[in-house]
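Below is one structure, written out as structure tokens; comments come after it.
We number each residue from 1, following the sequence as shown. What you see is a predicted model; the values in this text were computed from it and never measured.
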Amino acid sequence: MTEYRNPSPELRARVALEKHGFRNTHSLGQNFLLDAGLLDHLLDLAGVGPEDNVLEIGPGAGVMTALLSERCRRVLAVEVDRGLEPVLNDVLAGLENARVAYRDVMKADVAALTAEAFGNEPWRVVANLPYYITADILLRLVTAARAPESIAIMVQREAAERVMSHPGQKQWCALAATAQSYGRARVLADVPPEAFDPPPHVQSQFIIIEKHPEPVVTPRDPQVYLRVINTAFAMRRKTLANNLKAAFGLDNDAARAVLGAAGVDERVRGEALTLQELCRVADGLEAYRREQGTGNREQE
Ligand code: SAM
């Protein structure tokens, strides 16, 4: 006789959710993906394998976490809702390479958590995230000192369109410029509302942003570059020169000199600039401030 010992993660999750009487919290974006077939497909598309350490944000009932644990080297999941702890304990029981940290990822020290979990090894992000934190968490991940190798996440279709946008398009924004400075973004799959439990009122896309093998921009000071990106999109009806003046405390001549040195027309609006042009502006600004000796006296 064969004893049936190992129900699938999907079944374990469904049983655990029922057993612990779990109720989804709308404000935490708890639209779960429980279908292991779909999740396996998404993980195939994300291309994670046995060598990979994976940070998952928002494991929910843990089906994807369990599947990641089967495929990958180590999984660290960060979940804000302690109410999911009994569910995750059941679903992840016996999976030695999977660990859950109960934290708000927006307040957590992700660098410390990943260093503790993965040491100096590279890591990737795979997540079906709550949509209310998409932009904030993406910005934090792509600008981190030790950024992940790739970020495969579920996002609302409009967010995917913004992240994939290019200069000249109306969606081109600080998020897109920052994300594309880090890596190449592409859509892996359309995921319909019915795939989620409960279904969200929006269309979703599973996207990946893969870190550029060689940087596409190499600003002298990455912090100034990020500030220039934010400044460029700060007030879209103003010229870049005016936005730079306001953000960096420059006078007319200085703004003109910085843009001139960067080879950028002084009447241009920030949203028209490519990453390389934004980088030249940041370098010009950095050089100007160094000349003036104002590099350390920021005008925030
Ligand atoms: N990944 C699971 C799945 O696919 O079924 C759950 C996805 S659900 C869209 C988002 C998950 O993120 C929920 O478990 C929610 O509690 C968690 N979450 C929401 N805000 C969070 C935050 N600030 N930090 C960590 N987890 C969060």
Side-chain angles (χ1 to χ4, degrees), residues 7-46 48 54-71 75-93 95 98 100-108 125-138 141 151-163 175 187-208:
S8 72
E10 177 174 351
L11 186 56
R12 293 206 297 276
R14 290 188 188 280
V15 169
L17 287 167
E18 181 75 28
K19 176 172 125 193
H20 298 291
F22 181 78
R23 292 277 163 272
N24 297 51
T25 305
H26 179 69
S27 61
L28 290 177
Q30 290 182 338
N31 303 94
F32 291 168
L33 286 177
L34 300 174
D35 179 343
L38 169 66
L39 287 166
D40 256 327
H41 179 58
L42 296 179
L43 295 183
D44 285 345
L45 293 171
V48 284
V54 174
L55 170 69
E56 184 192 9
I57 298 162
V63 184
M64 190 195 265
T65 324
L67 295 174
L68 281 167
S69 131
E70 287 168 12
R71 287 177 178 240
V75 187
L76 169 66
V78 180
E79 173 57 62
V80 73
D81 186 357
R82 278 260 170 196
L84 282 162
E85 193 169 358
V87 175
L88 286 164
N89 284 344
D90 284 4
V91 175
L92 304 178
L95 303 179
V100 184
Y102 291 94
R103 308 277 157 82
D104 178 343
V105 74
M106 296 310 300
K107 297 187 187 147
V125 173
V126 181
N128 172 26
L129 296 164
Y131 295 159
Y132 76 100
I133 60 171
T134 304
D136 287 347
I137 194 70
L138 248 186
L141 291 170
I151 304 168
I153 52 173
M154 192 72 72
V155 299
Q156 198 171 324
R157 190 169 59 196
E158 289 71 17
E161 284 167 3
R162 285 173 61 209
V163 172
L175 175 64
V187 176
L188 295 175
D190 285 306
V191 184
E194 312 80 76
F196 298 81
D197 183 13
H201 298 293
V202 295
Q203 296 291 326
S204 303
Q205 288 188 316
F206 190 54
I207 66 167
I208 191 164

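Annotation: the span from D81 atom CG to Q30 atom CD amounts to 5.0 Å, rounded to 0.5 Å. Note: T25 OG1 to L84 CG = 8.0 Å, rounded to the nearest 0.5 Å. Here CE of M64 is found 6.0 Å from CG of N128. Values are rounded to the nearest 0.5 Å. In this structure, OG1 on T134 lies 11.0 Å from CD on E158, to the nearest 0.5 angstrom.
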Go through the steps to decide whether L68 and L43 satisfy the test side-chain contact (heavy atoms from CB on, under 4.5 Å), and finish with yes or no. CA-CA 8 Å; L68 281 167; L43 295 183; 3.7 Å; yes
Run the side-chain contact (heavy atoms from CB on, under 4.5 Å) test on L138 and I153 for me, step by step, so that the C-alpha distance in whole Å, both residues' side-chain angles and the decisive distance to 0.1 Å come before the verdict. CA-CA 9 Å; L138 248 186; I153 52 173; 4.0 Å; yes
Verify side-chain contact (heavy atoms from CB on, under 4.5 Å) between L188 and L42, making sure each step is shown before the conclusion. CA-CA 8 Å; L188 295 175; L42 296 179; over 6 Å; no
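Pairing each heavy atom of P9 with each of L67, the nearest pair is CG-CD2, 3.9 Å. Taking both residues in full, the closest heavy atoms of V91 and A16 are given as CG2-CB, 4.1 Å, listed atom of the first, atom of the second, then distance. Between I57 and I137, the shortest heavy-atom contact is CD1-CG1, 3.8 Å. When all heavy atoms are compared, the tightest approach of A108 to R103 is CB-CB, 4.2 Å. Of all heavy-atom pairs spanning L34 and A13, the tightest one is CD2-CB, 4.4 Å.
Here V80 pairs with L28, D104 under the side chain to side chain contact (heavy atoms under 4.5 Å, CB included) rule; sequence neighbours left out. Taking E85 as the reference, R82, N89, Y102 meet the side chain to side chain contact (heavy atoms under 4.5 Å, CB included) condition, with sequence neighbours excluded. In terms of the side-chain hydrogen bond (donor to acceptor under 3.5 Å, both in side chains) criterion, residue partners of D44 (sequence neighbours excluded) are, by chain and number, R71. Applying the side-chain hydrogen bond (donor to acceptor under 3.5 Å, both in side chains) test to E56 and every residue at least two apart in sequence or in another chain returns T65.
Using a 4.5 Å cut-off on side-chain heavy atoms (C-beta onward), V78 and L55 make contact. The side-chain heavy atoms of L95 and V75, taken from C-beta on, include no pair separated by under 4.5 Å.
Applying the salt bridge (Lys or Arg N to Asp or Glu O under 4.0 Å) test to pairs two or more places apart or on separate chains, those with a residue in residues 11-31 are E10-R14, K19-D90.
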Would you mind writing out the side-chain donor-acceptor pairs for residues 191-208 within the sub-3.5 Å range, not counting sequence neighbours?
{"from": "S204", "atom 1": "OG", "to": "Y131", "atom 2": "OH", "distance (Å)": "2.6"}
{"from": "Q205", "atom 1": "NE2", "to": "D190", "atom 2": "OD1", "distance (Å)": "2.7"}

